[in-house]
Amino acid sequence: MKISALAFNLLAMTLYKGNIMTKRDFLDIHDHDEATLRGILKRAGELKAGLKAGKRPKLLEDVQLGMIFEKASTRTRVSFEVGISQLGGHAVVMTSQDSQLGRGETIEDTARVLSRYLDMIMIRTFKHDSLQKLAEYADVPVINGLTDASHPCQVMTDVFTFEEHVGEIKGRTIAWVGDCNNMTQSWIHAADAFGFQLQIAAPEELAFMEVSSPNVTITQDLEEAVRGADAVTTDTWVSMGDNDAERRKALLAPYQVTDAVMNLAAEHAIFLHCLPAHREEEATGSVMDGARSVIFDEAENRLHVQKAIMLWCLGK
Ligand code: CP
Ligand code: NVA
């Protein structure tokens, strides 16, 4: 008899390492309540302070993390791999080219097989549906390491980095400038979850997302979005998988973050960028290397925040 995916997952939940807890996936920020998200950020702060003091508690000893990359990565790969290692676990890295995914093995079968070896899976893929299927069919926690639709680990890190440099994000204003992409979607989710204002400036042709949240505005007017903001953030104009680079660059040219744009923001405003950047496209080198830029702290913080996410997924 065929067991439905739901029943399969329920069975997996009860069998999961003998624990009674429900399997915990981290697929999107808006799946979680504020208390859970706050708990993760608090833990990240503790882990960061501990690491700086030379502490590397082996809280995930012998935990096997699988990482599937269907797109390129520098930060996500290295921060997860180093993170699990610092916690006492191990990482297995696969790409579509060097696994059977590239030869058409289904994500459902892959999920079932990998669940027999691994304790947790992180995936970077194209379709959000692939992530959701993986989570549905895996009986171990699944973490979203970026899809075409969202990048929650990055935006959790961006909120953490904002709070490190500026203070509590609730009630503040973040200006998103440029393409409306997976990062923008996760910022929208975060605005609702953490209670801040997100002001998006984007050309009409690329402002594809429908926004019904009272916390989010979209305008074509760059100055309107940035004026007085507590942070300005942007991302590459051509995301992985986009195949209309020239069109995007032409549409986005008026949305470059320059020193003049930064000067419209609040005096204490910081500049965030998830990286990788294309200098002199979405932001000038002078902004990226300027006094308000916290982009390398932001990159480092991926490590601390993802360690906290992995611990939350495993109920540790
Ligand atoms: N920001 C980010 O996810 O970087 P990578 O693509 O290098 O992982
Ligand atoms: N929007 C970018 C983010 C890279 C971390 C992309 O999807 O390529």
Side-chain angles (χ1 to χ4, degrees), residues 26-29 44 65-84 91 93-96 121-131 143-162 174 176-190 198 200-203 206-209 231-245 247-249 251-252 255-257 270-279 281-283 288 293-307 309-310:
F26 195 82
L27 305 188
D28 268 313
I29 290 174
L65 168 71
M67 297 201 280
I68 303 173
F69 286 98
E70 299 201 282
K71 291 178 175 177
S73 169
T74 298
R75 279 143 289 269
T76 304
R77 174 173 176 171
V78 177
S79 55
F80 266 106
E81 194 162 344
V82 169
I84 192 71
V93 183
M94 288 161 283
T95 67
S96 8
I121 305 171
M122 189 242 51
I123 183 167
R124 166 166 289 194
T125 187
F126 290 86
K127 291 185 193 148
H128 204 67
D129 182 58
S130 303
L131 166 80
I143 299 173
N144 177 357
L146 180 147
T147 68
D148 288 345
S150 59
H151 197 4
C153 292
Q154 180 68 58
V155 174
M156 283 291 282
T157 302
D158 294 356
V159 170
F160 179 87
T161 308
F162 179 90
I174 309 296
W176 173 274
V177 178
D179 190 21
C180 284
N181 60 18
N182 43 9
M183 281 291 300
T184 330
Q185 290 281 18
S186 285
W187 270 110
I188 292 171
H189 300 160
L198 181 68
I200 301 170
L206 297 174
F208 60 81
M209 53 217 13
V232 179
T233 185
T234 186
D235 187 13
T236 179
W237 289 344
V238 185
S239 284
M240 293 179 277
D242 287 340
N243 49 20
D244 54 349
R247 173 178 165 264
R248 283 170 177 280
K249 286 181 191 174
L251 287 168
L252 288 160
Y255 292 85
Q256 185 184 58
V257 181
I270 55 169
F271 174 71
L272 292 161
H273 190 311
C274 64
L275 304 179
H278 293 78
R279 285 168 180 256
E281 289 189 8
E282 69 269 17
M288 294 190 58
S293 172
V294 296
I295 56 176
F296 298 112
D297 286 349
E298 186 184 357
E300 176 195 324
N301 286 336
R302 292 290 300 277
L303 173 70
H304 313 299
V305 171
Q306 287 159 193
K307 282 166 77 175
I309 290 173
M310 289 190 282

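Indexing begins at 1, ligand by ligand and atom by atom, following the structure's order.
The nearest protein atom to atom 4 (O) of ligand 1, hydrogens excluded, is given as Arg75 NE, 2.8 Å; this is a heavy-atom distance. Nearest protein neighbour of atom 4 (C) of ligand 2, counting heavy atoms only, is Leu146 CD1, 3.9 Å. At the shortest separation from atom 7 (O) of ligand 2 among protein heavy atoms lies Asn182 ND2, 2.8 Å. Protein heavy atom at the shortest distance from atom 6 (O) of ligand 1 is Arg124 NH1, 2.8 Å. Ranking the protein heavy atoms by distance from atom 3 (C) of ligand 2 puts Asp235 OD2, 3.6 Å first. Among all protein heavy atoms, the one lying closest to atom 1 (N) of ligand 1 is Leu275 O, 2.8 Å. Of the protein's heavy atoms, Arg302 NH1, 3.3 Å lies nearest to atom 2 (C) of ligand 1.
A pairwise comparison of heavy atoms in Asn144 and Leu27 identifies ND2-O, 3.0 Å as the closest pair.
Considering backbone and side-chain N/O atoms, Lys71 never comes within less than 3.5 Å of an N/O atom of ligand 2. Remark: ligand 2 and Thr236 share no N or O pair separated by less than 3.5 Å (distance only, no angle test). Checked against a 3.5 angstrom limit, the closest N/O atoms of Pro276 and ligand 1 fall outside it. Between Arg77 and ligand 1, not a single N/O pair is under 3.5 Å apart. On a distance-only criterion, Met240 and ligand 2 share at least one N/O pair closer than 3.5 Å.
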Point to revise | Asp148/Lys71 under salt bridge (Lys or Arg N to Asp or Glu O under 4.0 Å): CA gap, chis, key distance, verdict | key: CA-CA 10 Å; Asp148 288 345; Lys71 291 178 175 177; 2.6 Å; yes
Practice item. Show your reasoning for whether side-chain hydrogen bond (donor to acceptor under 3.5 Å, both in side chains) applies to Gln306 and Ser79. Key: CA-CA 8 Å; Gln306 287 159 193; Ser79 55; 2.9 Å; yes
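Within the 4.5 Å cutoff, side-chain heavy atoms of Asn182 are placed close to those of Ser239. Counting heavy atoms from C-beta outward, Lys127 and Thr147 have side chains that stay 4.5 Å or more apart. Cys274 has its side chain out of reach of Arg302: every pair of non-hydrogen atoms, C-beta onward, lies at least 4.5 Å apart. Considering only heavy atoms from C-beta on, Leu272 comes within 4.5 Å of Trp187 through its side chain. The shortest side-chain heavy-atom distance between Leu146 and Thr76 does not fall under the 4.5 Å cut-off.
The atoms of ligand 2 that sit less than 4.0 Å from any heavy atom of Asn181 are 1 (N). Taking a cut-off of under 4.0 Å to the non-hydrogen atoms of Thr74, the atoms of ligand 1 that pass are 5 (P), 7 (O), 8 (O).
Among Leu251, Asp242, Asp235, the single residue meeting the side chain to side chain contact (heavy atoms under 4.5 Å, CB included) criterion with Asp179 is Asp242. When the options Val232, Asp158, Thr234 are evaluated for a side chain to side chain contact (heavy atoms under 4.5 Å, CB included) with His273, the one that passes is Thr234.
The part of Leu275 lying near ligand 2 is the backbone, judged by heavy-atom distances below 4.0 Å.
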